[in-house]
Number of protein chains: 2
Amino acid sequence: MPKKRILPYVLLGLINNKKKLSGYQISQEFKHEVGDFWHASHSQIYPELARMKEDNWVKDEEEGKATYYMLTTTGHEVLRNWMQEPLDGNEEMFSLKLYFINDSTDPLLKKLLEQELKLKQDKYEYLQGRLSKVFTDKEKIKANFGHYLILTRAIEREKNHIEWLKNRL
Amino acid sequence: MPKKRILPYVLLGLINNKKKLSGYQISQEFKHEVGDFWHASHSQIYPELARMKEDNWVKDEEEGKATYYMLTTTGHEVLRNWMQEPLDGNEEMFSLKLYFINDSTDPLLKKLLEQELKLKQDKYEYLQGRLSKVFTDKEKIKANFGHYLILTRAIEREKNHIEWLKNRL
DNA sequence: GCTGTCATGTAAGACGTTACATGATTAC
DNA sequence: GTAATCATGTAACGTCTTACATGACAGC
């Protein structure tokens, strides 16, 4: 099976946030707003929008030289379904989906935070396990100092993230 | 110009750490040790090793059914040069390079930490700028709550990372 | 006139994943 | 004997980046 695509969902989410966007505006969004969490180049965006139009996820509207895209009813459904799919291991998925939640009372928000918390707690456990398994004595630390550093760093990062999540639940 | 490849350098680093590795062993490394910071499948590894042998970065040695690879003098030079190249924006580059530093007295260690600190401080500034630029009042926060959350989360993450880096310098 | 931005699109190539394929050895 | 692991390799396919390409319009 082919790897799961996310670009179309990202486009849906972006268009949905602004109600109406052109391909060019989307590529600008990636240079600013969303840019810190996801990226796509215009040569991906245009063909993708065309495909999405063919699949009836979006409808378009020409205004001067620009073509604006809006979600269809199907598009809204597809987006909502994707938003509700459980988070996988992909690190940026959490940020990305969060970006598409505008309303602080949206029940999806809590669900997302809980899912991420679970994922991160598991990862924390796993990393702790790795640490005590790989670095059993000071000799091992000395002989693989860089590895020791990133592993402990990764653990602290997860801890910090878990704390943050807990504070917003 | 083509996008900068890192796989060959990762392979150099891994082989260098263990002095001698087969393609299979490398693919196992990705499932365990390095796996948290980088990944490659065996179908990338084998052809890459062949290319590296052609370029004289590694030499091989057959033992039974397995082919073991070791760095050549050129390979050591290439690896060292790559390790000394300044860190770019790529997030995992820091972890990866750190993984290849075994000795805590290696001067590269301090250099790496300093480079990463600089990068993260810049990013911190940038994100703070974004925050005060995008979320000027409570209305904006309310209307884009998810975006607000990840932005503040990203800022806290950088802060935490910066602290960690400072504590090791 | 030239530069920059708006706006869209295609083509070539690199990169990475999954699946296909094979054969030897080890463990139950 | 059959399943798992060791060990290597190729093929097909999809994705993403870079580069190529075009045209309009705004500002200096």
Side-chain angles (χ1 to χ4, degrees), chain A residues 1-12 14-15 18 20-35 37-55 58-70 88-93 96, chain B residues 1-12 14-15 18 20-35 37-55 58-70 88-93 96:
Chain A
M1 70 199 86
K3 209 197 166 184
K4 246 217 122 182
R5 306 208 59 213
I6 31 224
L7 182 59
Y9 304 102
V10 177
L11 299 190
L12 281 182
L14 287 175
I15 297 169
K18 301 284 162 88
K20 184 176 160 184
L21 280 177
S22 67
Y24 184 78
Q25 285 177 318
I26 292 174
S27 72
Q28 295 306 302
E29 288 276 310
F30 283 120
K31 278 181 193 149
H32 307 107
E33 305 302 304
V34 230
F37 322 105
W38 206 269
H39 184 259
S41 58
H42 82 275
S43 54
Q44 283 177 272
I45 295 166
Y46 289 115
E48 192 61 52
L49 285 171
R51 243 169 284 155
M52 289 164 72
K53 190 191 163 188
E54 222 169 89
D55 292 348
V58 292
K59 58 193 169 199
D60 63 344
E61 186 184 84
E62 275 176 55
E63 257 181 70
K65 56 179 173 176
T67 309
Y68 291 92
Y69 292 87
M70 287 142 289
D88 56 12
N90 193 325
E91 286 280 331
E92 10 251 341
M93 222 54 158
L96 188 61
Chain B
M1 68 200 88
K3 208 196 167 184
K4 246 219 123 182
R5 307 210 58 212
I6 30 221
L7 182 59
Y9 303 102
V10 178
L11 299 190
L12 281 182
L14 287 175
I15 297 169
K18 302 282 163 90
K20 185 175 161 183
L21 281 176
S22 69
Y24 184 78
Q25 286 178 318
I26 291 173
S27 71
Q28 295 306 302
E29 289 276 309
F30 283 120
K31 277 180 193 149
H32 307 107
E33 307 300 305
V34 231
F37 321 104
W38 205 268
H39 184 258
S41 58
H42 80 274
S43 53
Q44 282 177 273
I45 295 167
Y46 289 113
E48 192 62 52
L49 284 171
R51 243 168 286 155
M52 288 164 70
K53 189 191 164 190
E54 221 170 272
D55 292 349
V58 292
K59 56 192 171 202
D60 63 345
E61 184 183 86
E62 277 176 56
E63 255 182 70
K65 57 179 171 176
T67 308
Y68 292 91
Y69 292 85
M70 288 143 287
D88 56 13
N90 194 322
E91 285 281 330
E92 9 251 342
M93 222 52 156
L96 188 61

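First the proteins, then the strands, lettered A, B, ... as listed; each starts at 1.
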Participant: With the criterion being N/O to N/O and under 3.5 Å, what pairs connect the protein with nucleotides 2-7 of chain C, and how long is each?
Facilitator:
residue: dC6(C); atom: OP2; partner: Tyr24(A); partner atom: OH; Å: 2.2
residue: dC6(C); atom: O5'; partner: Tyr24(A); partner atom: OH; Å: 3.2
residue: dC6(C); atom: O2; partner: Lys65(A); partner atom: NZ; Å: 3.3

Participant: Restricting to side chain to side chain donor-acceptor pair (under 3.5 Å), what partner residues turn up for Glu29(A), sequence neighbours left out?
Facilitator: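 Glu29(A) satisfies side chain to side chain donor-acceptor pair (under 3.5 Å) with Lys18(A) once adjacent residues are dropped.
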Participant: When you get a sec, tell me which of dC15(C), dC16(D), dT17(D) is the closest nucleotide to the side chain of Arg5(B)?
Facilitator: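 In terms of side-chain proximity for Arg5(B), the closest of dC15(C), dC16(D), dT17(D) is dC15(C).
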Participant: How many Å lie between NE2 on His42(B) and P on dT22(C), as a whole number?
Facilitator: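 Between P of dT22(C) and NE2 of His42(B): 14 Å.
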Participant: Nearest whole Å is fine: how far is dT15(D) P from Tyr9(A) OH?
Facilitator: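 The answer, rounded to whole Å, is 11 Å.
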Participant: Under a 3.5 Å distance rule, please check whether Gln25(B) uses its side chain to pair with a backbone N or O of Ser22(B) as donor and acceptor.
Facilitator: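 Side chain of Gln25(B) to backbone of Ser22(B), a donor-acceptor pair under 3.5 Å: yes, one is there.
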Participant: OP1 or OP2 of dC15(C) less than 4.0 angstrom from a side-chain nitrogen or oxygen of Gln44(B), does that happen here?
Facilitator: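 The answer is no; no side-chain N or O of Gln44(B) sits under 4.0 Å from OP1 or OP2.
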Participant: Apply salt bridge (charged side-chain N to carboxylate O under 4.0 Å, His left out) to Glu91(B) and list each qualifying residue two or more places apart in sequence or on a separate chain.
Facilitator: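 Once residues adjacent in sequence are excluded, the partners of Glu91(B) under the salt bridge (charged side-chain N to carboxylate O under 4.0 Å, His left out) criterion are Lys120(B), Lys123(B).
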Participant: CD of Glu48(A) versus P of dG14(D): gap in Å, rounded?
Facilitator: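 Interatomic distance, CD of Glu48(A) to P of dG14(D): 13 Å.
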Participant: Roughly, in whole Å, what's the span from CD in Glu63(B) to C1' in dT25(C)?
Facilitator: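 Distance check: Glu63(B) CD to dT25(C) C1' gives 17 Å.
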Participant: How close or far is atom P of dT17(C) from atom NZ of Lys31(B), stated in whole angstroms?
Facilitator: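 Nearest whole value for this atom pair: 13 Å.
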Participant: Specify the separation, in whole Å, of atom CD1 of Ile45(B) and atom P of dA7(D).
Facilitator: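 Going from CD1 in Ile45(B) over to P in dA7(D) covers 13 Å.
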Participant: Under 4.0 Å from OP1 or OP2 of dT17(D): is there any side-chain N or O of Ser41(A) that close?
Facilitator: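 True: Ser41(A) side-chain N/O within range (under 4.0 Å) of dT17(D) OP1/OP2.
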Participant: One pair to check against side-chain contact (heavy atoms from CB on, under 4.5 Å): Ile6(B) and Asn90(B). What are the steps and the verdict?
Facilitator: CA-CA 11 Å; Ile6(B) 30 221; Asn90(B) 194 322; 4.3 Å; yes
Participant: Separation of His39(A) atom NE2 from dT15(D) atom P, in whole Å?
Facilitator: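 Those two atoms, NE2 and P, are 17 Å apart.
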Participant: Applying ring pair (Phe, Tyr, Trp, His ring centres under 6.0 Å), can you list everything that pairs with Tyr9(A), at least two apart in sequence or on another chain?
Facilitator: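 Ring pair (Phe, Tyr, Trp, His ring centres under 6.0 Å) list for Tyr9(A), sorted by chain: Trp57(A), Trp82(A).
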Participant: How close or far is atom C1' of dT15(D) from atom CG of Asn90(A), stated in whole angstroms?
Facilitator: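 Rounded to the whole Å, the gap is 15 Å.
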Participant: For Glu54(B), check side chain to side chain contact (heavy atoms under 4.5 Å, CB included) against everything at least two apart and list the hits.
Facilitator: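 Here no residue qualifies.
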Participant: Can you sort out the partners of Lys53(A) under side chain to side chain donor-acceptor pair (under 3.5 Å), two or more places apart, ordered by chain and number?
Facilitator: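 Per chain and number, Lys53(A) pairs via side chain to side chain donor-acceptor pair (under 3.5 Å) with Asp60(A).
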